[in-house]
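Note sheet for the following structure.
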Amino acid sequence: MAMTGNTEHHNQHSQQPARHRRDKGLQRRRVLIGGGTAALAGGLVAAGLASADTPATGSGSTTVSTEAAATDSATSGVCTLTSEVTEGPYSLDGALIREDIREDKEGVEVQYTFTVVDQDNDCAPLADALVELWHCDALGEYSGFVGKNGHTEDDDGTFLRGGQLTDSDGRATITSIWPGHYVSRAVHVHMRVHTDVTLADGTYTGGTLVHTGQLFFDTDINEEVQASSPYSDNTTAETALADDSVYDDGGAASGLLTLTALGSGVSDGYAATLTVGVSTS
């Protein structure tokens with residue numbers, strides 16, 4: 001089932017090609033993204049039975065084990081097809097290889113766990129793939145581009161950017177904060193997956209880009225987060241998920257994360273999980 005990629009509208013956020021241009025461009029490659037818990041709940045047992053028409057919704061009350069859900073989804077061969085989306089105007093090359101990308105940024109903690117699987121190998125876990133994330137801080141500002149959302153703050157060019165290699169189970173964990181928002185876009189995180197990278201001096205070189213996507217958050221939980229400090233200091237207009245120019249309401253197939261509360265309140269943070277399948281051929 002082919003789906004059409006979307007173009008990110010960034011209004012006041014004009015793209016700066018000299019800073020973050022990618023030579024590869026955005027390819028119309030078919031990518032698989034499936035929430036492990038959604039596959040289990042649906043009782044799907046064969047590849048290709050899931051579709052973007054059956055979205056998985058994130059929820060703070062999710063109680064399914066992250067490890068069990070990710071493992072069962074990867075080994076069962078259950079894959080949900082979707083198309084890639086734009087990487088957006090704020091990418092930078094040379095991400096730092098690190099598990100915690102927060103630096104000194106304050107916000108609601110998010111512990112991401114991604115399981116990367118290979119479509120061309122019966123959805124088997126893909127080891128040694130670099131999962132790279134970047135997103136804005138609580139005030140909607142990106143490192144390397146601070147000021148685009150109207151705020152003045154220190155900019156080291158690296159906060160809330162980084163990545164991790166997947167282990168033998170195809171799993172990578174990254175700790176960050178819940179993103180803020182900026183003009184014209186719903187709250188989101190950018191993701192790239194690379195294979196065959198070379199690690200050196202805390203970063204990477206080379207490799208093949210096999211996935212470009214974005215991650216999204218449950219609307220009700222996000223409303224609580226954005227109303228809390230320091231997010232409430234961001235007075236720029238926020239776009240609802242339903243009105244976002246990139247998210248197509250496909251649930252996990254479109255990058256909607258499965259969320260698990262880490263405590264009794266928003267300030268305690270969340271675990272966020274997603275199974276990401278790529279074609280390595």
Spell out, as yes or no, whether a donor-acceptor pair under 3.5 Å connects the side chain of Tyr112 to the backbone of Leu133.
no

Starting from the C-alpha separation in whole Å, work towards a yes-or-no answer on ring pair (Phe, Tyr, Trp, His ring centres under 6.0 Å) for Tyr270 and Trp178.
CA-CA 9 Å; Tyr270 293 86; Trp178 195 289; 5.6 Å; yes

Ignoring hydrogens and angles, tell me if any N or O in the side chain of Gln214 forms a donor-acceptor pair with the backbone of Thr86 under 3.5 Å.
yes

Do we see a donor-acceptor contact under 3.5 Å between the side chains of Asp156 and Thr158?
yes

Backbone N/O of Arg161 and side chain of Arg98: donor-acceptor pair under 3.5 Å
yes

Within the side chain of Thr166, is there an N or O that forms a donor-acceptor pair under 3.5 Å with the backbone of Leu126?
yes

Backbone N or O of Ala138 within a donor-acceptor pair of the Asp233 side chain at under 3.5 Å?
no

pair His135-Ile177: side-chain heavy atoms closer than 4.5 Å:
yes

In terms of side-chain heavy atoms, does Asn222 have a donor or acceptor partner in Glu238 at a distance below 3.5 Å?
yes

Less than 3.5 Å apart, any donor N or O on the side chain of Ser254 or Asp248 sitting next to an acceptor on the other?
yes

Atom CZ of Arg102 and atom CG of Asp104: how far apart are they, to the nearest 0.5 Å?
11.0 Å

Sidechain N-carboxylate O distance under 4.0 Å for Lys105, Glu141
no

Checking His194 side chain against Thr208 main chain: does a donor-acceptor pair fall under 3.5 Å?
no

For Thr239, does its backbone N or O pair with a side-chain atom of Asp243 as donor and acceptor, under 3.5 Å?
no

Between Thr173 and Glu99, does any side-chain donor sit less than 3.5 Å from a side-chain acceptor?
yes

Given 3.5 Å as the limit, does a donor-acceptor pair link the side chain of Thr203 with the main chain of Gly94, or not?
yes

Can you tell me if Asn121 uses its side chain to pair, donor with acceptor, with the backbone of Ala124 under 3.5 Å?
no

Quick check: does any side chain N or O of Asp155 sit under 3.5 Å from a backbone N or O of Ser143, one acting as donor and the other as acceptor?
no

So Tyr182 and Tyr142, would you call those rings parallel, tilted or perpendicular, with 30° and 60° as cut-offs?
perpendicular

Centroid-centroid under 6.0 Å between Tyr247 and His188 rings:
no

